[in-house]
Amino acid sequence: MTFFKECTSKLLLGLIFVLFVIKGLFLSLLMPLFQNPDEQTHYGRVQYWAEPRLKTWKIHTLQQSDFSFNPKDIRTSNLPEETTQSAYLLQFDELVFERQNIQNFQDNSHEETIQENNWKRYVDTIPSTAVSGTKSLYYLFASWLEQLFSSESIFVRVLAIRLLSVVFGALTVFLAYLSARKIGFSQSICLLFTALIAFQPMFSITAAQVNIDIALIFSFSLFLYAGVSLLRQGFSWFPFSLLILSIILGIASKGPGIVLAIISIPLLMTLGYRYFHPDKRRFYWGVFLTGSLLTVSAFLLVPATYLASITNLTASSKFDSPLHSIGTYLEKTFDVGPLRNSAGSYWGNFGWLDTPISGWMLSLIIYICIIGLVGAIWYLFSKREQPAFLPERQYIVFFLGTMLALQLAIRFYDWRIFDATGQIVIGQPGRYFLPNLIAFLTVVVSGLGFLVRKKHRFTLLMQVLALSMILLQLHAIVNVILPRYYL
Amino acid sequence: MKKISEFIKKYEKWILFTVFLFGVASILWTFLANFGLGESDYNFLGKTKKVTLAPGMPVLQTFTAKENNLYQVRFVLGNASLRHGEHIDLALMDGACTQIIAITEFTTQPTKQGAYTVFSFPPIPTSRDTRYCFAATFFSDNSKKGEKPYLSATDIPDPVFADRTLTDSNKGKTYDSHTLFLRPAYTKGSLWEDLRVLESRLSKYKPLFFKGIMLPVALLLVILSTSLAYMISRSTSKENS
């Protein structure tokens with residue numbers, strides 16, 4: 001019976017992975033080219049990274065007075081000619097943020113033109129949105145694919161890079177499973193939790209587009225796995241190495257990756273406290289000295305330009321004081337509307353955030369999450385013994401800490417831009433919080449588990465949630481994305 | 001109550017799986033119920049406006065069907081939450097806006113598909129190159145305070161829409177070469193033919209070796225998801241036993 005159960009578990013896990021990959025392939029094909037947020041810019045950057053080191057072409061530098069970037073006209077982005085022309089023929093500007101518009105399926109000439117083009121695949125005009133300060137490991141891997149498939153059409157090359165994102169996504173799903181095992185969920189709950197992650201609609205679509213976000217999501221997931229491993233088994237070189245690797249990958253993927261370095265400090269301090277058992281006075285001195293050392297090291301070793309770019313430190317404020325600026329910012333962003341918009345693009349708002357799931361579905365999801373979060377907080381402060389089927393409270397604290405750190409980091413950067421411009425420019429699109437997906441769903445399901453109290457009820461609840469998530473994903477594909485772009 | 005509880009526990013896995021199958025069936029039914037192949041050789045660009053639906057004052061839009069089997073008229077309708085005593089009449093009429101061909105009354109928010117509200121009627125087999133008139137009329141027993149429903153429309157004449165005329169009865173104005181965000185949709189006469197056309201649309205702008213396989217991959221996804229759901233449902237009884 002045990003052997004049979006193990007085979008069934010492996011089969012189920014295998015099926016989840018196979019489905020995730022097939023789903024990723026389908027979504028990579030389904031979404032029209034560049035109809036994911038900033039995908040045209042990310043692909044342009046990939047082409048820039050794929051350029052030969054020796055530039056044998058002339059690069060025109062436009063004067064500030066000659067350059068005028070119009071977000072409604074892709075031809076003003078100065079992306080590589082192939083990206084620009086392909087996007088233009090694919091009616092990019094007509095479709096972006098225009099839900100009532102659709103590609104022309106009557107005319108075949110554009111497809112042939114794009115398939116057999118001789119357009120330039122390099123940047124020859126500066127400034128260009130393809131040449132920016134953003135560096136990412138994702139671009140490095142993607143540029144290798146761009147070079148590998150250089151003899152193929154742009155459709156093949158973009159698909160190949162989208163499939164790179166699917167690989168990152170599949171690895172994230174695997175880390176979700178491993179993390180769930182590590183924190184003590186039963187085998188069946190681990191599998192159900194993995195299904196929840198694998199079928200989360202926004203995570204699925206993010207793992208099927210050309211975008212550096214998926215590399216950050218993977219880094220965060222690796223960090224979470226390393227963190228729970230260290231918390232569970234104490235200090236060990238393998239999980240510690242994974243922790244360091246995840247921090248490096250995170251920073252090398254996208255700006256918010258720096259959050260991992262910051263979260264690792266209290267994590268390592270906790271481990272240090274458990275290992276060395278210092279008295280409180282020594283511990284606080286240790287915290288103070290370590291904090292000071294790290295702060296000084298950061299200023300000495302980290303390039304000032306990097307610190308300035310992630311903090312927007314050099315920009316001048318539009319407000320009288322930081323308090324006034326923060327107060328106004330919180331007023332604008334901590335309102336039902338913006339919070340709901342964030343939730344919408346965390347769960348299901350596709351394309352250029354103009355193709356959402358139904359309002360009532362989003363409301364239902366929000367209510368479930370709020371109940372779960374309330375349950376998790378109650379669990380943390382309850383004097384009741386930890387239920388055997390739930391993870392220990394230390395893991396919930398760790399996950400909540402990660403979630404809070406990412407929220408603060410993104411809101412901090414958003415506020416810095418707001419402070420300099422007086423406007424919400426970036427906002428908090430929900431996809432920016434997808435790196436905390438594993439942490440968030442663990443906290444929610446643990447909270448729900450605490451509220452239902454009994455193991456068999458918790459298992460049943462997880463089954464219902466997993467099945468609902470699968471249905472949500474199918475609905476998103478069949479009734480939201482497909483009709484939007486093809487009917 | 002106890003018997004019901006025991007029954008549910010005994011057949012938990014089948015109840016879960018049946019509800020899942022019902023969910024899949026609902027998804028596919030919704031897709032097929034709203035299915036129509038919209039015209040795609042134009043888009044709505046440039047400046048736009050909102051044409052308010054004043055009570056009892058129809059907004060009329062003439063257009064020419066480009067294919068046979070006209071089956072739906074899709075349009076963008078805003079503020080469509082209807083209260084008690086309110087309804088919206090949607091009608092398809094002849095080109096002179098006199099003879100009604102199809103009419104539907106909505107007392108609740110009409111069916112939506114993405115940005116569009118969908119007005120469906122029996123397919124018109126010989127609709128190609130025939131002029132039609134779409135009429136939307138809002139009725140309200142109360143003097144509706146707050147925002148009334150509106151239709152999105154282009155604000156400047158466009159030669160692409162030379163065959164269309166927009167009439168706003170409330171303002172007593174007629175706008176040539178203006179259009180509501182209105183997109184007629186068609187059927188090919190059978191589900192199989194409709195899916196063939198959908199497949200050809202899905203295959204456009206794709207790598208050559210992936211053309212023609214989108215719907216089979218979608219079907220595979222549904223089948224595998226259903227298999228996964230079955231296995232998920234089954235694990236209930238094993239966990240409890």
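Computed from heavy atoms alone, side chains included, the values below leave out hydrogens, waters and symmetry copies. As the structure is a prediction and not an experimental result, all values here were calculated from the model. The chains referred to below are lettered A, B, ... by the order of the sequence lines, with proteins before strands, and numbering in each begins at 1.
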>> Please rank A:Asn108, A:Asp93, A:Leu95 by heavy-atom pairs under 4.5 Å with chain B and give me the top one.
In response: A:Asn108

>> Taking side chain as everything from C-beta outward and backbone as N, CA, C, O, which of these in B:Ser203 sits under 4.5 Å from a heavy atom of chain A? Side chain, backbone, both or neither.
In response: backbone

>> Can you tell me if B:Tyr175 has over 12 outside heavy atoms packed within less than 6.0 Å of its OH?
In response: yes

> Ion pair present between B:Arg164 and B:Asp158, side-chain N to carboxylate O less than 4.0 angstrom?
Replying inline: no

> When only pairs under 4.5 Å are counted, which of B:Leu28, B:Leu37, B:Asn34, B:Leu45 shares the most heavy-atom pairs with chain A?
Replying inline: B:Leu45

>> If you take the centroid of each ring, where Trp contributes its six-membered ring, are B:Phe22 and B:Phe17 closer together than 6.0 Å?
In response: no

> Side chain, backbone, both or neither: which part of A:Leu191 has a heavy atom under 4.5 Å from chain B?
Replying inline: neither

>> Between A:Leu192 and chain B, with a heavy-atom cut-off of 4.5 Å, which part of the residue counts as in contact: side chain, backbone, both or neither?
In response: side chain

> Out of A:Asp107, A:Leu19, A:Thr355, which one racks up the most heavy-atom pairs below 4.5 Å with chain B?
Replying inline: A:Leu19

> Can you say whether A:Asp354 sits under 4.5 Å from chain B via the side chain, the backbone, both, or neither, judging by heavy atoms?
Replying inline: neither

> Heavy-atom distance under 4.5 Å to chain A: side chain of B:Ile213, backbone, both or neither?
Replying inline: neither

>> Less than 4.5 Å to any heavy atom of chain B: does that hold for the side chain of A:Phe199, its backbone, both, or neither?
In response: side chain

> Should the pair A:Arg162-A:Glu39 be classified as a salt bridge under the 4.0 Å nitrogen-to-oxygen rule?
Replying inline: yes

> Using 4.0 Å as the upper bound for N to carboxylate O, is an ion pair formed by B:Glu193 and B:Arg196?
Replying inline: yes

> Should B:Glu67 and B:Lys188 count as an ion pair when the cut-off is N to O under 4.0 Å?
Replying inline: yes

>> Could you check, using the six-membered ring where one of them is a Trp, whether B:Tyr42 and B:Phe161 have ring centers closer than 6.0 angstrom?
In response: yes

>> Looking only at heavy atoms and a cut-off of under 4.5 Å, which of B:Met214, B:Gln113, B:Lys112, B:Glu39 has the most pairs with chain A?
In response: B:Met214

> chain A heavy atoms under 4.5 Å from B:Val76: which part of the residue, side chain, backbone, both or neither?
Replying inline: side chain

> Looking at side-chain heavy atoms only, is the closest gap between A:Gln103 and B:Lys204 below 4.5 Å?
Replying inline: no

> Quick one: of B:Ala229, B:Gly23, B:Ser225, B:Ser227, who has the most non-hydrogen atom pairs under 4.5 Å with chain A?
Replying inline: B:Ser225

> Salt bridge or not for B:Glu86 and B:Lys148, using N-O below 4.0 Å?
Replying inline: no

>> Is it the case that atom CZ in B:Phe210 sees more than 12 heavy atoms from other parts of the structure closer than 6.0 Å?
In response: yes

> With chain B, which of A:His110, A:Glu94, A:Gln187 has the greatest number of heavy-atom pairs at distances under 4.5 Å?
Replying inline: A:Glu94

> Looking at A:Val478, A:Leu15, A:Leu12, A:Leu29, which has the largest count of heavy-atom pairs under 4.5 Å with chain B?
Replying inline: A:Leu29

>> Non-hydrogen contacts under 4.5 angstrom with chain B: give the residues of residues 149-159 of chain A involved, or none if there are none.
In response: A:Phe155, A:Val156, A:Leu159

> Tell me, side chain or backbone of A:Gln115 under 4.5 Å from chain B's heavy atoms, or both, or neither?
Replying inline: side chain

>> Taking the ring of B:Phe181 and the ring of B:Phe44, is the distance between their centroids below 6.0 Å?
In response: yes

>> Just to verify, which of B:Asp163, B:Asp41, B:Asp129 counts as forming a salt bridge (Lys or Arg N to Asp or Glu O under 4.0 Å) with B:Lys66?
In response: B:Asp41

> Taking the six-membered ring for Trp, is the centroid-to-centroid distance between B:Phe35 and B:Phe31 below 6.0 Å?
Replying inline: yes

